[in-house]
Number of protein chains: 2
Amino acid sequence: MPNALLEKLRGFTAMPPELAGKLTALLSKPRDIPARQDLMTEGDAPAAMVVMLEGWACRYNILPEGTRQISAFLMPGDCCDLHVSVLTEMDHSIATLTPAKVAHIQRDELNDLLDAEPALMRAFWWMQLVNESVMRAWIVSMGRRDSLQRVGHLMLELYARATAIGLVRDDRLVMPLTQIVIGDALGLTPVHVNRVLRRLREEGVMEIQGGTLTIADSAKLARVTGFDDSYLHRRLKRAA
Amino acid sequence: MPNALLEKLRGFTAMPPELAGKLTALLSKPRDIPARQDLMTEGDAPAAMVVMLEGWACRYNILPEGTRQISAFLMPGDCCDLHVSVLTEMDHSIATLTPAKVAHIQRDELNDLLDAEPALMRAFWWMQLVNESVMRAWIVSMGRRDSLQRVGHLMLELYARATAIGLVRDDRLVMPLTQIVIGDALGLTPVHVNRVLRRLREEGVMEIQGGTLTIADSAKLARVTGFDDSYLHRRLKRAA
DNA sequence: CTCGCGGCTTGATACAAGTCAAGTTGTTGA
DNA sequence: TCAACAACTTGACTTGTATCAAGCCGCGAG
């Protein structure tokens, strides 16, 4: 598999091999991380940027009552804290959801390269802005969509993002999120997530089976949930 | 009143007068905008960065059913879309909530200055990262806090941010948000916001009276809502 | 001065999602 | 091979928030 970060940046900008090489050179040797392990913990002063190469992770907070809220999902190509070290302290944690491969980039080295390569800098900006757009979309979902729309909208988001990085094969996405995790992301109980998934399955719209997401009727799902992928700001769309 | 953007950046970095002058020079002549008017509209291709100098605004989306979700409040010193023009199209709108004064900065001119002044660049990064932290905190609120905690948490956030830019006088904040607006931000109906505010008032915790917020027992309110201001990443705190 | 309108307030009722509980399935590891 | 455990499933009941409805207050326009 080619480098997931390059793959992702190519979604925004053309990436000449020479530039790709320079970026790749900054990446540390990949490290394997088991599932359910923190990559960064609230209160940490992070030292380097972490790049996801394989596997899934999430940003999350634990509340005083012990409940968890997930605020983002990270897929291959996503970065933990691009602007690391501007802030002194993490205000949330990041944990793997599956076994993962990650690499590090030292901030100073990255900054030097970005200064020298404006196109790359713009690509990183774009990545950051897309992250913000996604967060706003989550706020909209949690505020104004009911449980069925929330679940469907999230699945369409993940499906679109996975498609952009080549993770979708035969219209199926291996998506190892438990119903508990989906609930923690959407502010729902796992029991309720279960009922919603059943309804979506019974209506023939989408299905999660053995850790695999299949969207049978994406047009209907998009209509029902108010999903419009323009907030993901993909420049170079892949063929479906 | 001194320039609100400078005031805000000083919350992160010392700002020598000479640097302050350079930044001020980039600001266009301030423009007066009436209340309830879009500064940017979904679908626009924004041309320049907008800086709030006076007044309040909000980012929002309108859903197909006609409901509105607010995803951020902008106060003096806040910027609309720092990285403008990296993305081609706005995926949300920004509207004033009160009469406001705004100025513009041309992107290229700002970029040149940021390239020349690393300290300023870091200050802008910090601003951006704080915005993201606030969004994550909103996601946490909407997912895992009940209506009373949501309202209280938002008021503490606004109070803290207003304090940082010198908007709080005599422990009172002129905060012209209607109950409808608060509801649109928190995903609640105005009717319910009203009931929550009554409870908070009756319990002597906080009160909104004639567009003015007074927090009588901030320790209790912070405890009840799980508010911890570290996510606002203020470096140089003001005296209370 | 008063009319009209937007925002606030309060009550009665409805419903979406939460809670509690019990049982099933599937996987891991001894 | 079976024990242990985590995730999933389903049902019965509860509750927080929405909805609907009506009246009030205060301010700006004519």
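The chains referred to below are lettered A, B, ... by the order of the sequence lines, with proteins before strands, and numbering in each begins at 1.
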What bend angle does the helix from C:dC1-D:dG30 to C:dA30-D:dT1 show across its length, from five-pair end axes and to the nearest 10 degrees? 40°
Return the set of residues passing salt bridge (charged side-chain N to carboxylate O under 4.0 Å, His left out) with B:Lys220 (not counting sequence neighbours), or none when no residue passes.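 B:Lys220: no salt bridge (charged side-chain N to carboxylate O under 4.0 Å, His left out) contacts found.
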At what distance, to the nearest 0.5 angstrom, does OG1 of A:Thr214 lie from CE of A:Met206?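 Between A:Thr214 OG1 and A:Met206 CE, I get 8.5 Å after rounding to 0.5 Å.
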In terms of the nearest nucleotide of DNA chain C, which residue is placed more toward the 5' end: B:Glu202 or A:Gly187?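 Its nearest nucleotide being more 5', the pick is B:Glu202.
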Indicate whether OP1 or OP2 belonging to [N] is found under 4.0 Å from a side-chain N or O atom of [X].
X	N	result
B:Arg198	C:dT10	yes
B:Asn194	C:dC8	no
B:Gln179	C:dT9	yes

For the backbone of [Y] and the side chain of [X], can you confirm whether one donor and one acceptor N or O come within less than 3.5 Å of each other?
X	Y	value
A:Arg59	A:Ala72	no
B:Asp146	B:Leu148	yes
A:Arg161	A:Phe73	yes

Have a look at [X] and say if it touches a base, only the backbone sugar-phosphate, or nothing, with a 4.0 Å heavy-atom cut-off.
X	result
A:Arg150	nothing
B:Gly183	nothing
B:Thr189	base

Please state whether the base of D:dG16 and the side chain of B:Arg195 form at least one donor-acceptor pair under 3.5 Å? no
Has the side chain of B:Arg201 got a donor or acceptor that lies under 3.5 Å from a partner of the other kind on the base of C:dT9? no
Would you say B:Asn194 and B:Gln179 are linked by a side-chain donor-acceptor pair, where the criterion is simply a distance under 3.5 Å?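 Yes, because at least one side-chain N or O of B:Gln179 sits under 3.5 Å from a partner of the opposite role on B:Asn194.
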What residues from residues 142-149 of chain A pass a heavy-atom cutoff of under 4.0 Å to DNA chain C?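 Output list: A:Asp146, A:Ser147.
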